Amino acid sequence: MEITLDITAIYPGTFDPVTLGHIDVAERAAKMFDHLIIAVAASPGKQPHFDLQHRCDMAKEVLSDYKNVRIETFSGLLVEFVKAKEASVIVRGLRAVSDFEYEVQLANLNRQMEPDIETVFVAAASQYTFVSSSIVREIAALGGDVSQFVHPLVETALKERNNQ
Ligand code: COA
């Protein structure tokens, strides 16, 4: 008997803004799973620089070439969103050992709440291991060149936001 799996994975984050590091993780996850939902978290505690809809729209545009990838927003518990989407996997990117402790804590907490949801870690490409959204925002705010870290559309959005 042939068993056909149809797996939906969720890649959550604040994506404030989405970076080439995030795109790299999303690209590789999209090859591993049938469907990938990039879940842009409201993350009110982080007081995001870009509002939720803008973060979602930027991710949509930069990932528009990937046919099995869609972008949605969520607020509240991640595991509730995963269940509502009938997904079974959470994808997280690991950049360096320093990410490991926090990521394992998140994965364990999520598993404690929902034992059927598995977290899968994707190792970030070496050229992006030092990239983070806040570093990109800081460089852009100080007038630096962020073109090697973000899509041109995001670079423009950062410039516009900083000129406001
Ligand atoms: N490339 C580039 N940057 C990366 C990256 C990669 N591959 N992986 C992580 N980062 C960066 C992010 O941009 C972020 O940068 P910043 O802190 O400078 O903004 C930083 O690393 C931390 O990222 P992350 O751990 O993904 O935090 P997050 O805020 O983006 O996402 C959630 C965290 C949304 C997944 C988590 O808070 C959550 O699940 N929230 C929902 C509420 C919930 O369920 N809470 C209980 C969880 S147990």
Side-chain angles (χ1 to χ4, degrees), residues 8-33 36-60 62-63 66 69 71-85 87-142 144 146-151 153-155 157-158 161-162:
T8 298
I10 307 281
Y11 176 24
T14 306
F15 302 108
D16 185 31
V18 63
T19 67
L20 297 183
H22 293 129
I23 295 172
D24 162 61
V25 170
E27 242 173 50
R28 276 172 305 121
K31 289 184 195 147
M32 293 165 63
F33 303 105
L36 179 70
I37 301 177
I38 309 293
V40 183
S43 298
K46 284 186 107 172
Q47 297 186 310
H49 188 67
F50 293 101
D51 71 34
L52 182 57
Q53 196 53 51
H54 196 174
R55 283 182 275 137
C56 178
D57 290 344
M58 284 191 279
K60 265 186 194 161
V62 303
L63 287 161
Y66 301 91
V69 177
I71 327 294
E72 297 193 18
T73 60
F74 81 103
S75 51
L77 273 184
L78 173 61
V79 287
E80 292 304 329
F81 180 79
V82 175
K83 278 196 296 179
K85 297 293 154 187
S88 51
V89 173
I90 295 171
V91 171
R92 295 287 289 165
L94 276 185
R95 292 166 298 172
V97 178
S98 49
D99 281 345
F100 185 77
E101 208 172 323
Y102 170 67
E103 290 300 334
V104 169
Q105 183 188 14
L106 273 191
N108 281 328
L109 284 166
N110 286 327
R111 186 168 42 220
Q112 191 78 26
M113 290 186 276
E114 279 305 325
D116 290 339
I117 297 174
E118 204 55 62
T119 298
V120 169
F121 296 113
V122 172
S126 55
Q127 68 268 38
Y128 302 126
T129 50
F130 51 88
V131 180
S132 78
S133 299
S134 50
I135 295 280
V136 165
R137 290 197 308 271
E138 184 175 334
I139 295 171
L142 295 171
V146 292
S147 59
Q148 356 162 25
F149 310 128
V150 295
H151 185 281
L153 175 140
V154 174
E155 193 184 354
L158 282 162
R161 183 77 173 76
N162 288 327

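Everything numeric in this text was worked out from a predicted model, so none of it was measured. First listed ligand is number 1; within each ligand, the first listed atom is number 1.
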Verify atom 36 (C) of ligand 1: protein non-hydrogen atom under 4.0 angstrom away: no
Ligand 1 atoms in contact with Glu103 (distance to a heavy atom under 4.0 Å): 25 (O)
Val25, Leu77, Val18: member with heavy atom nearest to atom 7 (N) of ligand 1: Val25
Validation row: Gln127, Asp24 side chains within 4.5 angstrom (heavy atoms): no
Neighbour count above 12 (heavy atom, 6.0 Å) for Glu72 CD: yes
Salt-bridge contact Asp16-Arg137 (side-chain N to carboxylate O under 4.0 Å): yes
Result of checking Met113, Lys83, Glu114 against Leu77 for side-chain contact (heavy atoms from CB on, under 4.5 Å): Met113
The one among Pro48, Ala125, Gly13, Gly21 that brings a heavy atom closest to atom 1 (N) of ligand 1: Gly21
Any Asn110 heavy atom less than 4.0 Å from ligand 1: yes
Arg95 (side chain) donor-acceptor with Tyr128 (main chain) under 3.5 angstrom: no
Close-contact set for ligand 1 against Ala41 heavy atoms, below 4.0 Å: 34 (C)
Close-contact set for ligand 1 against Leu106 heavy atoms, below 4.0 Å: 47 (C), 48 (S)
Criterion side chain to side chain contact (heavy atoms under 4.5 Å, CB included) on Ser88 and Asp116, from CA distance to verdict: CA-CA 7 Å; Ser88 51; Asp116 290 339; over 6 Å; no
Test of proximity, Leu78 against ligand 1: N or O pairs below 3.5 Å: yes
Contact check, Glu80 vs ligand 1, heavy-atom distance below 4.0 Å: no
Shortest reach to atom 26 (O) of ligand 1 by a heavy atom, considering only Gln112, Arg92, Glu138: Arg92
Non-hydrogen atom of Gly76 closer than 4.0 Å to ligand 1: yes
Heavy-atom protein neighbour under 4.0 angstrom from atom 11 (C) of ligand 1: yes
Identity and distance of the protein heavy atom lying nearest atom 29 (O) of ligand 1: Thr14 OG1, 2.5 Å
Tyr128 and ligand 1 - part of the residue with a heavy-atom distance under 4.0 Å: neither
Minimum side-chain heavy-atom gap Ile139-Phe149 below 4.5 Å: yes
Any N/O pair Ser133/ligand 1 closer than 3.5 Å: yes
Validation row: Phe121, Asp99 side chains within 4.5 angstrom (heavy atoms): no
Shortest protein heavy-atom distance from atom 18 (O) of ligand 1, along with the residue and atom involved: Ser134 OG, 2.4 Å
Main-chain N/O of Pro12 paired with Arg92 side-chain donor or acceptor, under 3.5 Å: yes
The one among Phe15, Phe149, Phe74, Phe81 that brings a heavy atom closest to atom 40 (N) of ligand 1: Phe74
Where ligand 1 meets Tyr102 - atom numbers and elements under 4.0 angstrom, heavy-atom basis: 25 (O)
Polar proximity ligand 1 side, Lys46 side, N/O cut 3.5 Å exclusive: yes
Other residues, nucleotides, ligands: >12 heavy atoms within 6.0 Å of Phe100 CZ: no
Atom indices of ligand 1 within 4.0 angstrom of Ser132 heavy atoms, with elements: 3 (N), 15 (O), 18 (O)
Contact with ligand 1 for Gln105, non-hydrogen, under 4.0 angstrom: no
Minimum side-chain heavy-atom gap His151-Pro17 below 4.5 Å: no
Side-chain donor or acceptor of Arg161 paired with backbone N/O of His49 under 3.5 Å: yes
Nitrogen or oxygen of Arg95 less than 3.5 angstrom from that of ligand 1: yes
Close side-chain approach of Val69 to Ile38, heavy-atom, < 4.5 Å: yes
Any N/O pair Val131/ligand 1 closer than 3.5 Å: yes
Side chain to side chain donor-acceptor pair (under 3.5 Å) assessment of Asn108 paired with Gln112: CA-CA 6 Å; Asn108 281 328; Gln112 191 78 26; over 6 Å; no
